[in-house]
Amino acid sequence: MQESRVLCVENITFGYKNFSLLYENLSLHVNIGEVVTVLGASGSGKSTLFELITKNLIPLKGTITCKDIAQVFQDPYSSFHPTYTIKNQIKDVASLEGYEDICKSLELDTSLIEQKPHKLSGGQLQRCSILRALLMKPKLLLADEPTSALDNVTQLEVMKLLVKFLDRVGILLITHDEALASWCSDRVLEI
């Protein structure tokens, strides 16, 4: 399994100044083909863990090693600049090579990427976020509450589409939704 490991968090400890520690000796790993979920209430440190993984924060101790990362964020509307087309924003970070096949898998009409974000529904825009992330060819996909801004039916559709790509990525999912975590996860870490 080591060759398919895309994230290894070993015994990290982290806390903000003047506050108690958020994590002490926290360890986790993600392999290609797995969904590992970090489950917890608001303020429990779920997003801080992503900040540590992306090296925006440094742990007090422990190590984090990971392979190529892409992220899908909670709010698809704030993930895109409002005055540029989706296509131009994808081209800023990734090649469009193979986008038609990914769009088909995501049940996303290819003409939608020619639009500006405000022309799309929340579900369409979140699919565009997933498209952009996958075109970056990551090994690790960090999904920070990727369905919480969507209605229940669209939430399930988007998660079903996301897990279709487990042949090429490992997914670390943040959520406070226990039902979602139990439905899609290989392992759940409660913090």
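These numbers come from a predicted model, not from an experiment.
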Query - Cys128 and Gln89, any side-chain heavy atoms less than 4.5 Å apart - result: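 A side-chain contact is absent here, since even the closest heavy-atom pair is not under 4.5 Å.
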Query raised in the report: Between Met136 and Val93, is any pair of side-chain heavy atoms under 4.5 Å apart?
Result: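 Yes - at least one pair of side-chain heavy atoms lies under 4.5 Å apart.
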Closest approach of [X] to [Y] (non-hydrogen atoms, all atoms of both residues):
X: Leu141; Y: Gln71; value: CD1-N, 4.4 Å
X: Asp167; Y: Ile32; value: O-CG2, 3.8 Å
X: Ile171; Y: Ala143; value: CG2-CB, 4.4 Å
X: Ala133; Y: Val72; value: CB-CG2, 3.9 Å
X: Arg127; Y: Glu157; value: NH2-OE1, 3.2 Å
X: Tyr77; Y: Leu120; value: OH-O, 3.1 Å

**Report entry** Residue pair Met159, Leu162: steps toward the side chain to side chain contact (heavy atoms under 4.5 Å, CB included) verdict
**Finding:** CA-CA 5 Å; Met159 282 310 299; Leu162 196 53; 4.0 Å; yes
Kindly work out whether a path of hydrophobic side-chain contacts (I/L/V/M/F/W/Y, heavy atoms less than 4.5 Å apart) joins [X] to [Y].
X: Leu57; Y: Val38; answer: yes
X: Trp183; Y: Leu161; answer: yes
X: Phe165; Y: Ile113; answer: yes
X: Ile174; Y: Leu39; answer: no
X: Leu166; Y: Leu180; answer: yes

Query raised in the report: Can you name the one residue among Thr85, Ile86, Leu96 that meets side-chain contact (heavy atoms from CB on, under 4.5 Å) with Lys91?
Result: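 Going through the options one by one, the only one that passes is Leu96.
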Point-to-point distance, once rounded to the nearest 0.5 Å, from [atom1] of [X] to [atom2] of [Y]:
X: Phe50; Y: Asp144; atom1: CZ; atom2: CG; answer: 5.5 Å
X: Asp92; Y: Lys87; atom1: CG; atom2: NZ; answer: 13.0 Å
X: Glu190; Y: Ser44; atom1: CD; atom2: OG; answer: 10.0 Å
X: Leu26; Y: Ile12; atom1: CG; atom2: CD1; answer: 5.0 Å
X: Leu140; Y: Asn31; atom1: CG; atom2: CG; answer: 10.5 Å
X: Tyr99; Y: Ile90; atom1: OH; atom2: CD1; answer: 9.0 Å

[X] (side chain) donor-acceptor with [Y] (main chain) under 3.5 angstrom:
X: Lys139; Y: Val6; answer: no
X: Ser182; Y: Ala179; answer: yes
X: Arg187; Y: His29; answer: yes
X: Tyr23; Y: Ile191; answer: no
X: Asp186; Y: Val36; answer: no
X: Ser27; Y: Asn11; answer: yes

Requested in this report: Determine, stepwise, if the pair Cys103 / Leu131 fulfils side chain to side chain contact (heavy atoms under 4.5 Å, CB included).
Outcome: CA-CA 7 Å; Cys103 282; Leu131 171 66; 3.7 Å; yes
[X] atom [atom1], neighbour heavy-atom count above 12 within 6.0 Å:
X: Lys137; atom1: NZ; result: yes
X: Lys55; atom1: NZ; result: yes
X: Glu178; atom1: CD; result: no
X: Glu100; atom1: CD; result: yes
X: Lys164; atom1: NZ; result: yes

Requested in this report: Test side-chain hydrogen bond (donor to acceptor under 3.5 Å, both in side chains) on Asp177 and Thr175 and set out the steps.
Outcome: CA-CA 5 Å; Asp177 186 333; Thr175 189; 5.1 Å; no
Requested in this report: Any chance you could lay out the side chain to side chain contact (heavy atoms under 4.5 Å, CB included) test for Ser79 and Arg132, step after step, and finish with the verdict?
Outcome: CA-CA 10 Å; Ser79 298; Arg132 176 177 57 189; 3.5 Å; yes
Requested in this report: Output, in order, the C-alpha distance, side-chain angles, deciding distance and verdict of side-chain hydrogen bond (donor to acceptor under 3.5 Å, both in side chains) for Gln126 and Ser129.
Outcome: CA-CA 5 Å; Gln126 194 62 303; Ser129 294; 3.2 Å; yes
Report task. Apply side chain to side chain contact (heavy atoms under 4.5 Å, CB included) to the pair Leu21 and Leu60, showing each step before the final yes or no. Result -> CA-CA 10 Å; Leu21 295 176; Leu60 299 171; 3.8 Å; yes
